[in-house]
Amino acid sequence: MKIGRYDILDEIGEGAMGTVYRARDPLIDRAVAIKTVSIEQLRQEGPDAESRFLREAQSAGRLSHPNIVTIYDVGESDGLAYIAMEHLSGATLRDIMNRGPLPLDLALDTAMQMAEALAFAHEHGVIHRDIKPGNVLVTADGTPKLLDFGIAKLLDPAAVDRTQAMTGHAMLL
C-alpha cells in the first residue's frame with residue numbers, strides 16, 4: 001500500500017479522526033509516521049476541518065526544535081489527507097503515567113523541556129492549545145517530543161514581531 005510517495009509498512013494507531021502508519025520515504029530511505037484522515041470525513045466534520053488539518057502541518061512544520069515532532073510533508077492521495085512526520089519510538093507520557101507515579105527527575109526534566117518547546121513555538125507564532133500527556137511522546141532515549149498540533153493557532157506574524165520587540169524592550173529595562 002502507498003500513500004503519496006510513501007510505502008506503508010504497518011499501522012501504528014487509530015484515533016477518532018484517522019489512522020497513523022509507519023511508512024518508508026523511498027526518496028531518502030527513512031522511516032516516517034504518516035497521519036491520515038479521510039477527506040470525506042474532514043468534510044463531514046464541518047467546513048473548517050480540512051483547513052484545521054492543514055493548519056496542523058503548517059503549525060508544526062514551521063518549528064524546528066528538539067522537543068517538537070518534525071513535519072516533513074503534507075498532501076492528499078486517494079481520498080486521504082496526510083501529514084508525513086518524524087517516526088518516533090517510545091511511549092506517550094500518558095502511558096508512562098498510567099504505570100505509576102513519575103520519578104521526580106523525569107517529571108522535572110519533562111516539564112522543563114516541554115516549557116522550552118512551548119516557549120519556542122510561541123516565539124514563532126504557534127499556540128498549541130492541546131497540551132496533555134497523550135500529546136507528549138517520550139522517546140526510547142528519554143527525550144520528550146510535543147505532538148499533535150491539530151487545534152493549534154497560528155498568530156499573525158506582525159503580532160509576533162510586536163510581542164518579540166516588547167519582550168526585548170522589557171529585558172533592556
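Keep in mind it's a predicted model, so treat the numbers as computed, not measured.
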Indicate if Met112 and Ile96 have the same hydrophobic cluster label, given that clusters are the connected sets of ILVMFWY residues with side-chain heavy-atom separations under 4.5 angstrom. no
Give me the one residue out of Thr110, Leu106, Leu104, Asp105 that meets side-chain contact (heavy atoms from CB on, under 4.5 Å) with Leu108. Leu104
Rounded to the nearest 0.5 Å, what separates atom OH in Tyr72 from atom CG in Leu27? 13.5 Å
Can you see which heavy atom on Asp7 is nearest to which on Pro26, and at what distance? OD2-CB, 4.1 Å
If you define the side chain from C-beta out and look only at heavy atoms, does anything of His124 sit under 4.5 Å from Phe120? yes
Could you tell me whether the side chain of Leu146 reaches within less than 4.5 Å of the side chain of Asn67, counting heavy atoms only? no
Asp78 atom CG, over 12 foreign heavy atoms within 6.0 Å: no
Using a 4.5 Å side-chain heavy-atom cut-off and chaining through intermediate ILVMFWY residues, the residues clustered with Ile12 come out as Val20
Minimal heavy-atom distance between Ile34 and Ala84, with the atoms involved, is CD1-CB, 3.6 Å
For the atom pair CD (Gln44) and OG (Ser38), what is the distance rounded to the nearest 0.5 Å? 7.0 Å
Residues Ala81 and Ile39: closest non-hydrogen pair is N-CG1, 3.6 Å
Taking the side chain as everything from C-beta on, heavy atoms only, tell me whether Ile131 gets closer than 4.5 Å to Met114. no
Side chains of Thr92 and Val138, heavy atoms from C-beta outward: is any pair under 4.5 Å? no
Below 4.5 Å, heavy atoms only, C-beta onward: do Leu93 and Leu137 meet side chain to side chain? no
Contact between Tyr6 and Tyr82 at the side-chain level, heavy atoms closer than 4.5 Å - yes or no? yes
Hey, is Glu11 close enough to Arg22 for a salt bridge, meaning N to O under 4.0 Å? no
Find out whether Val126 and Leu63 are in side-chain contact, i.e. whether some heavy atom of one side chain is under 4.5 Å from a heavy atom of the other. yes
Would you check if the side chain of Lys145 reaches a backbone N or O of Thr139 as a donor-acceptor pair within less than 3.5 Å? no
Shortest non-hydrogen contact from Ala91 to Arg99? CB-NH2, 3.7 Å
Applying side chain to side chain contact (heavy atoms under 4.5 Å, CB included) to Tyr21 and Thr36, what does each step give before you reach the verdict? CA-CA 8 Å; Tyr21 298 97; Thr36 64; 3.6 Å; yes
Leu147 and Val37: same hydrophobic cluster, using ILVMFWY side-chain contacts below 4.5 Å? yes
Test your reading of the model: is there a side-chain donor-acceptor pair from Asn135 to the backbone of Asp130, 3.5 Å cut-off? yes
Taking the side chain from Ser77 and the backbone from Leu80, do they hold a donor-acceptor pair closer than 3.5 Å? no
Distance col, row Leu118:CG vs His65:NE2, nearest 0.5 angstrom, shows 9.5 Å
Would a single hydrophobic cluster contain both Ile3 and Met85, if residues Ile, Leu, Val, Met, Phe, Trp and Tyr are joined by side-chain heavy-atom contacts under 4.5 Å? no
Is it the case that more than 12 heavy atoms not belonging to Lys132 sit under 6.0 Å from its NZ atom? no
In one Ile/Leu/Val/Met/Phe/Trp/Tyr side-chain cluster, 4.5 Å: Val69, Val74: yes
Between Ile8 and Ala23, which heavy-atom pair has the shortest distance, and what is it? CD1-CB, 3.9 Å
Check the pair Arg24, Leu9 against side chain to side chain contact (heavy atoms under 4.5 Å, CB included), reporting the backbone distance first and the verdict last. CA-CA 7 Å; Arg24 187 179 77 72; Leu9 303 173; 4.3 Å; yes
Quick one: pull up CD1 in Ile71 and OG in Ser64 and give me the separation to the nearest 0.5 Å. 11.5 Å
For Pro144 and Gln113 the tightest heavy-atom approach is CD-OE1, 3.3 Å
Indicate yes or no: at least one non-hydrogen side-chain atom of Arg5 is less than 4.5 angstrom from one of Asp25. yes
